[in-house]
Amino acid sequence: MNLPQLTAYIGKNANVGGNNEFSSLIKGLKVKLKEEDLPYTVFLVFDLQNKEINFEVKDEFKEKHLDEYYYFGNNSAAAAQYYLVRESNSLKYLLGKVWTDLYQTLSRYNLQDREMGQLLKKLADQSYIFINKKDGWGINPDKLTIIKEQPQLEVELLSNSVKIKAPEQEEKKLNYESFIRLFIKDENKHNRFVLVVPVVKMESGEEVVLSTHKDYLELVKLVNNLGPSSSEKKPGEKEKVCYLCGRTRTDVSSKYSKKFSRSGINKIFTTTTINTSPYLRDFNYDYVYATCQECYQKLLAGEKIISERFKGRIAGEDVFIIPEGLFGNFDYNHLYKLKKDIDLAFQISKADEWLQQLETGAMGDNLNQYALNFIFYRSDGNSVTILETIEDVPVLRFQRILEKLAEEAFKLQAHLRSMSIGHIYRIIPVRINRQGEQLDIGRVLSFYKALLNGEQVKAGNLFSYAVEALDKGLRQLSKEKIDNFINLNLRRYQNGYEDFYIKNIIMRYLVLIHTCQGFGILDKKVFGGGERMNEEITTGSEKVDSAIKNMEAFLYRQGLCPEARALFYVGVLLYRVALAQWFKEHKKKPVLKKVHFQGMNQKEVYQLYNDLLEKLRQYNRWSLFSEAVMNRFHHYYSGNFERKWPLSEQANVFYIMSGYAYMVGTKAPDLTPEEEKAQEDIVPEEN
């Protein structure tokens, strides 16, 4: 992925609302509206007839107002705040520094003597605005109608509100929308005043909408290098090569990069000035990393489109999901639909649902022609930090991963309802800090990258993640209030559903490891090391025989090696003891504390096995079924004290808990009627 080239291509080829030279600057409203809210566009009126400043409702807000009145948002960082149309929550700029910044910017481009500049001077001369103040009021508060009506009223402009003090009343702070409401005298809270447009009502009655004035628009074009550029070479001008289009032009400059949004995608590839100079010696920037004006405008347009159409949220982080054609021309308006499908793939609970939609959708015909790029990032509005990039993922591979996950989940349908790519985020523990930031999200994103790009994954890491998820999750579930590892979706397992948490974690890791092994990205083979049971056990009880037979079939399908199978049967005994404890009103199942989720060596495993036998005696659950399970354990464990144990300490715990997870929701053949009734009281949760 060449991100600048891709961004410029999108800017050139995708449709932008309005499609004029200012379209790349037009912003969308950020204000959040409730369903019952009715938004309005209002005018901030400098009324020269009545010698006052007022707010008037213009019209019900419509999206076209953003283009009609040229809403460019707030100027970023310390740039001059000369944009005239603002959201109501940014009214401080219109009440404050906009007028000084606008006049000074006009002067910087020698436009101060034109109509716009003269109009501003007239407003300043008649004390409507100040054009030489940087702080405090930019308009004259004495001209406000509420002051004219109540001269005793004290009004103070604060950073995020306006302080009002009426005679013999307590002062109060109003947010800017509430401040506008004072002028409009509208008490209906569902009427929202969201967009503010400054207007001058002349003595003749003519209304001048300042943001549509030709001088203002020319200023915006000059400041942002919009509109057609001249490539004609002037005497003394040097031609340079645009690194995007490769053409030699006189308008090639690295200064355009300063105009990009500080939190936009274009800033991702804009490095510091020093880094763009040859040999890092702070000179000749334009010969290394500069664009022509035409490419700059394409980048601006591409940034806007990507922010609006290709932005999503995966694993609790912001992400740009940018499809890219592999061959020939492609339609980014068409690919926007594909991006929506990718969003769905991470959010939908069942992979097969996504696949069905994909097959029946309009996107099915040309899927193989595209690749996907994921750029995970964080932004505070002033800067952007890249967390991870996943590039050039063929859509066909993405589809195959979804299919493989669905296929493996189907094999476990008796124990797991679904598994999609989005569930991976739900099974790798991610710690958060007090501000709610995800501290360990890199491990999830790195895994997504490895899976999507076909990079190698250490099987040991997956076993570690699995037992860590059990450890951290069960610790949180034992607390009164869950305060960390929110991504594990723990709240659904509170109040006695810990066993289902264990089951879901283990079964989903089985699916995940099988999927990784199927794609050949594991550093070693994990499954496929066992043979089918040669002889069926005959205990004299059909129920017990059938239960053991089902377990053996499960182990064979999963391809567990003999050592893993032995541990699986330890887990079956562990669950049997835990169920007996739960029935004895030991709801926390204290036997689980004997499992060290950080890892258990071979001797610790065998000690656990002996402890479980003792507990079975203690709870009078030394049954035919227990003996059959013990038989299977010894069958697979026999002789391993003399041999080198092939499994890691984390894998030991994983396979023990796989036996435990298998039994959750499975009826053991030796349940007493009371235990059976008690087990039925546990309502299975929705996956």
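If you read the sequence from its start, that first residue is 1, and numbering goes on from there.
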For this session: Please test Ile421 against Leu452 for side chain to side chain contact (heavy atoms under 4.5 Å, CB included), starting from the C-alpha separation and ending with a verdict.
Result: CA-CA 10 Å; Ile421 197 166; Leu452 295 173; 4.1 Å; yes

Do [X] and [Y] meet the criterion of a side-chain donor-acceptor pair at a distance under 3.5 Å?
X      : Y      : result
Asn631 : Glu627 : no
Gln476 : Tyr501 : no
Asp499 : Trp582 : no

Show me the pairs that pass salt bridge (Lys or Arg N to Asp or Glu O under 4.0 Å) and involve [range], at least two apart or across chains.
range            : answer
residues 444-465 : Glu388-Lys449
residues 464-473 : Arg443-Glu468, Glu468-Lys472, Asp471-Arg475
residues 649-664 : none
residues 310-320 : Arg313-Asp318, Glu317-Arg378

For this session: Could you walk me through whether Glu498 and Leu470 pass side chain to side chain contact (heavy atoms under 4.5 Å, CB included), step by step?
Result: CA-CA 10 Å; Glu498 295 85 355; Leu470 293 178; over 6 Å; no

Heavy-atom side-chain contact between [X] and [Y] under 4.5 Å:
X      : Y      : value
Ile386 : Ile375 : yes
Asn550 : Tyr662 : yes
Ile322 : Ile10  : yes
His415 : Thr666 : yes
Leu462 : Val526 : no
Leu612 : Leu574 : yes
Phe376 : Thr389 : no
Leu567 : Val653 : no

Exercise. Do Arg617 and Glu614 pass the salt bridge (Lys or Arg N to Asp or Glu O under 4.0 Å) test, and can you show the C-alpha distance, the side-chain angles, and the key distance before you say yes or no?
Worked result: CA-CA 5 Å; Arg617 291 191 189 93; Glu614 178 59 31; 3.7 Å; yes

For this session: In plain terms, say whether Glu403 and Arg400 are close enough for a salt bridge, that is, a side-chain N and a carboxylate O under 4.0 Å apart.
Result: no

Exercise. Is it true that Glu408 and Lys411 have a side-chain N and a carboxylate O under 4.0 angstrom from each other?
Worked result: yes

Taking all non-hydrogen atoms of both residues into account, name the closest pair between [X] and [Y] and its distance.
X      : Y      : answer
Ile502 : Met657 : CG2-CE, 3.7 Å
Phe374 : Leu372 : CE1-CB, 3.8 Å
Pro669 : Phe625 : CG-CD1, 3.2 Å
Lys404 : Gly518 : CE-CA, 4.1 Å
Ala315 : Val444 : CB-CG1, 4.2 Å
Met663 : Ala668 : CE-CB, 3.8 Å

Taking salt bridge (charged side-chain N to carboxylate O under 4.0 Å, His left out) as the definition, give me every residue that meets it alongside [X], ordered by chain and number, with sequence neighbours left out.
X      : value
Asp380 : none
Asp545 : none
Asp392 : none
Lys615 : none

Should we say atom [atom1] of [X] is surrounded by more than 12 heavy atoms from elsewhere, each under 6.0 Å from it?
X      : atom1 : answer
Lys589 : NZ    : yes
Glu480 : CD    : no
Glu542 : CD    : no

For this session: Evaluate side chain to side chain donor-acceptor pair (under 3.5 Å) for Gln438 paired with Tyr425, printing each intermediate quantity in order.
Result: CA-CA 12 Å; Gln438 300 188 116; Tyr425 170 59; 2.5 Å; yes

For this session: In sequence, state the C-alpha distance, the side-chain angles, and the governing distance for His423 and Leu512, and then conclude on side chain to side chain contact (heavy atoms under 4.5 Å, CB included).
Result: CA-CA 10 Å; His423 281 124; Leu512 190 59; over 6 Å; no

Using the test side-chain contact (heavy atoms from CB on, under 4.5 Å), find all partners of [X] that sit at least two apart in sequence or belong to another chain.
X      : answer
Arg431 : Leu439, Asp440, Asn484, Phe485
Lys525 : Gln517
Phe410 : Gln413
Arg491 : Ile482, Ile486, Gln494

Problem set entry | ring-ring contact (aromatic ring centres under 6.0 Å, His included) partner of Tyr660, chosen from Tyr575, Phe597, Phe500, Phe654 | Tyr575

What about [X] and [Y], are their ring centers closer than 6.0 Å?
X      : Y      : answer
His635 : Tyr569 : no
Tyr606 : Tyr637 : yes
Tyr655 : Phe568 : no

Exercise. Picking from Val629, Val591, Leu608, Asp611, what satisfies side chain to side chain contact (heavy atoms under 4.5 Å, CB included) with Leu573?
Worked result: Val629

Seminar exercise, completed: Only residue of Leu412, Leu416, Ile505 satisfying side chain to side chain contact (heavy atoms under 4.5 Å, CB included) with Leu510 is Leu412

Problem set entry | Derivation and outcome, side chain to side chain contact (heavy atoms under 4.5 Å, CB included), residues Val467 and Phe463 | CA-CA 6 Å; Val467 294; Phe463 287 121; 5.8 Å; no

Between [X] (side chain only) and [Y] (backbone N and O only), is there a donor and an acceptor less than 3.5 Å apart?
X      : Y      : value
Asp523 : Ala459 : yes
Glu552 : Lys549 : no
Arg397 : Ala371 : no

Exercise. Rounded to the nearest 0.5 Å, what separation is found between the SG atom of Cys516 and the CZ atom of Phe527?
Worked result: 10.0 Å

